[in-house]
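Okay, structure first, notes after.
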Amino acid sequence: MDRSEAFTPGTGENTEAGYARLQDWAEQHFPGFAATHRWAAQDSSSTDTLPLVGRLPTKGDNVYVATGFAGWGMTGGVMAGNLIASLSAAARILGVVSTTPAASARPSAPRRRI
C-alpha cells in the first residue's frame with residue numbers, strides 16, 4: 001500500500017497540508033492511529049539516471065558519495081555502502097589514504113600517506 005504526497009523541495013509549497021492529508025487518511029483507515037514521526041524524501045537522479053557512487057575527488061581521499069538512486073536509496077544504499085567499504089579498504093591496502101582517518105580529519109594534523 002502506498003499513500004504519499006508529492007512536493008518539490010525548496011519551492012515554498014505548503015508541506016504541512018500534505019502531512020495533514022496523510023494524517024487524515026491514516027486516521028480514517030486505521031482507527032486509533034497516532035503519528036509519532038514524519039518523513040520527507042528527495043528522490044534525486046543523475047541526468048543519465050545512473051547512481052553516483054565513489055570517491056569525491058575535490059574533498060580528499062577519505063570522502064565518498066552515494067546519491068542519485070531515484071527513489072531506490074534503501075536498496076541501492078546497501079550496495080553503495082558495500083562498494084564504498086571495498087573501495088576504502090582497497091585504497092588503504094594500496095597505500096592511497098591515511099590509516100588514521102580520525103587524526104587526519106583534524107585541520108592541524110598533517111596528511112600522511114602510507
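Position 1 is the first residue of the sequence; numbering continues from there.
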Problem set entry | Straight-line distance of Phe33 CZ to Gln23 CD, nearest 0.5 Å | 5.5 Å

Exercise. Which atom names give the shortest non-hydrogen contact between Ile84 and Ala66, and what distance separates them?
Worked result: CD1-CB, 4.1 Å

For this session: Please list, chain by chain and in numerical order, all residues satisfying side-chain hydrogen bond (donor to acceptor under 3.5 Å, both in side chains) with Glu16, sequence neighbours excluded.
Result: Arg38

For this session: Quick one: list whatever passes side-chain hydrogen bond (donor to acceptor under 3.5 Å, both in side chains) with Ser46, sequence neighbours left out.
Result: Asp48

Exercise. Can you find a pair of side-chain heavy atoms, one from Trp72 and one from Thr75, that are under 4.5 Å apart?
Worked result: yes

Exercise. Who are the side-chain contact (heavy atoms from CB on, under 4.5 Å) partners of Ser45, not counting sequence neighbours?
Worked result: Ala70

For this session: Please round to the nearest 0.5 Å and tell me the distance separating atom OH of Tyr64 and atom CZ of Arg55.
Result: 4.0 Å

For this session: Report yes if some heavy atom in the side chain of Val53 is under 4.5 Å from a heavy atom in the side chain of Phe69; otherwise report no.
Result: yes

